[in-house]
Amino acid sequence: MTMGTDNETFSNAQLNAVTTNEHKTASDIPQLNQLNLEAISPRYRVINISLAFGIAFVLIMVASALRYQSFFMLPEPLAIAYPYIIIGICVLGCLWATYHFFADPLIKYALREQDLSLQSGLIFRSLSCQPILRVQHVELKRGPLARLAGLASLQVFSAGGATHTFEIPGIEVEVAERLRQFILDHKDVSAK
């Protein structure tokens, strides 16, 4: 069977290859837990834990400066609450650091020919997959602490979305640049 003009001739095999819709069972589908996930840099965890303790320290210094300054008298309830405020700041800082200590090593990503996957979460685990064909653009973000540590975050934007689909934080700059270039080189190739 042929269709169209001489320039647009399709054989049955070509037509079937284009229009097949074969039945798949759950056992035929590749398992997501078999992804070869790569961990982000351990320096990302160090940054987050240092940031948690640093912010707690600054808040304690501000509360102490307000408590012990000599320019004006604090109201009595605030002076009485001072130790509880310090304890609260310490507890929150320790909880924040503990969360990052356990959660950051669980952030992993995988790049395959057709998609990019991100696994994250300590309490609520998530696995996000973004087909490379649907990628609109990719950005590298580097804040001051990330630049100091030689890290970057890779933000992936899907077609039709105003915000990024997901972000892979704490990747070494060279790796992030290679990932970005691979995605940009293959996002249009995937459609062929």
Side-chain angles (χ1 to χ4, degrees), residues 32-33 35-66 85-190:
L32 285 178
N33 61 4
L35 282 173
N36 187 15
L37 296 168
E38 296 182 42
I40 61 172
S41 174
R43 292 184 301 225
Y44 181 71
R45 177 166 64 166
V46 171
I47 289 173
N48 283 332
I49 292 171
S50 301
L51 192 61
F53 285 131
I55 289 174
F57 178 75
V58 168
L59 290 175
I60 289 170
M61 291 296 110
V62 168
S64 297
L66 288 173
I85 293 171
I86 297 301
I87 291 171
I89 292 171
C90 289
V91 167
L92 288 176
C94 288
L95 286 175
W96 186 12
T98 302
Y99 173 79
H100 282 290
F101 181 80
F102 291 110
D104 289 352
L106 299 176
I107 301 172
K108 298 179 180 182
Y109 66 95
L111 177 66
R112 299 187 296 182
E113 276 186 59
Q114 301 294 323
D115 61 21
L116 179 65
S117 301
L118 174 69
Q119 177 180 306
S120 63
L122 178 62
I123 298 167
F124 299 101
R125 305 283 297 156
S126 71
L127 178 63
S128 304
C129 296
Q130 172 68 47
I132 291 178
L133 178 62
R134 297 273 305 152
V135 171
Q136 184 71 31
H137 70 279
V138 183
E139 289 183 7
L140 289 181
K141 295 287 184 174
R142 298 184 69 205
L145 294 176
R147 281 196 311 269
L148 186 64
L151 301 177
S153 294
L154 185 76
Q155 291 183 335
V156 179
F157 293 79
S158 66
T163 61
H164 59 274
T165 305
F166 60 79
E167 178 177 345
I168 304 173
I171 306 173
E172 294 185 16
V173 175
E174 299 81 25
V175 174
E177 288 172 348
R178 285 193 317 237
L179 287 172
R180 179 182 180 277
Q181 194 58 49
F182 178 87
I183 292 168
L184 292 176
D185 290 344
H186 290 82
K187 69 180 187 126
D188 295 326
V189 176
S190 298

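When reading the values below, keep in mind they use all heavy atoms of this one structure, side chains included, and skip hydrogens, waters and symmetry mates.
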Mind jotting down which residue pairs meet the ring pair (Phe, Tyr, Trp, His ring centres under 6.0 Å) criterion with at least one end in residues 41-62? Sequence neighbours excluded, please. none
Main chain of G121, side chain of R125: is a donor-acceptor contact present, judged purely on distance under 3.5 Å? yes
Quick one, D104 and P169 - any side-chain contact, counting heavy atoms below 4.5 Å? no
Heavy atoms of C129 and P131 approach each other most closely as O-CD, 3.8 Å
Hey, what do you get for CD (Q130) to CD1 (I168), rounding to the nearest 0.5 Å? 10.5 Å
With salt bridge (charged side-chain N to carboxylate O under 4.0 Å, His left out) as the rule and sequence neighbours excluded, what pairs involving residues 41-62 come up? R43-E172
Can you pull out every ring pair (Phe, Tyr, Trp, His ring centres under 6.0 Å) where at least one residue sits in residues 103-125? Sequence neighbours excluded, please. none
Yes or no on side chain to side chain contact (heavy atoms under 4.5 Å, CB included) for N48 and Y99, after CA distance, side-chain angles and deciding distance? CA-CA 10 Å; N48 283 332; Y99 173 79; over 6 Å; no
Point-to-point distance, once rounded to the nearest 0.5 Å, from CG of D115 to OG of S128: 11.5 Å
Contacts under 3.5 angstrom, residues 87-98 side chains, donor-acceptor by atom type, not counting sequence neighbours:
residue, atom, partner, partner atom, Å
W96, NE1, H100, NE2, 3.0
T98, OG1, C94, O, 2.7

Nearest 0.5 Å, please: how far is CD1 in I132 from CG in L184? 10.0 Å
Exercise answer: donor-acceptor pairs, residues 142-160 side-chain atoms, under 3.5 Å, sequence neighbours excluded:
residue, atom, partner, partner atom, Å
R142, NE, L151, O, 3.1
R147, NH1, R142, O, 3.1
S153, OG, E167, OE2, 3.2
Q155, NE2, E167, OE1, 3.2
S158, OG, T165, OG1, 3.1

side-chain hydrogen bond (donor to acceptor under 3.5 Å, both in side chains) partners for Q181, two or more places apart: D185
Any chance you could lay out the side chain to side chain contact (heavy atoms under 4.5 Å, CB included) test for Q119 and L127, step after step, and finish with the verdict? CA-CA 4 Å; Q119 177 180 306; L127 178 63; 3.8 Å; yes
Of L122, I40, I171, the residue whose pairing with I107 passes side-chain contact (heavy atoms from CB on, under 4.5 Å): I40
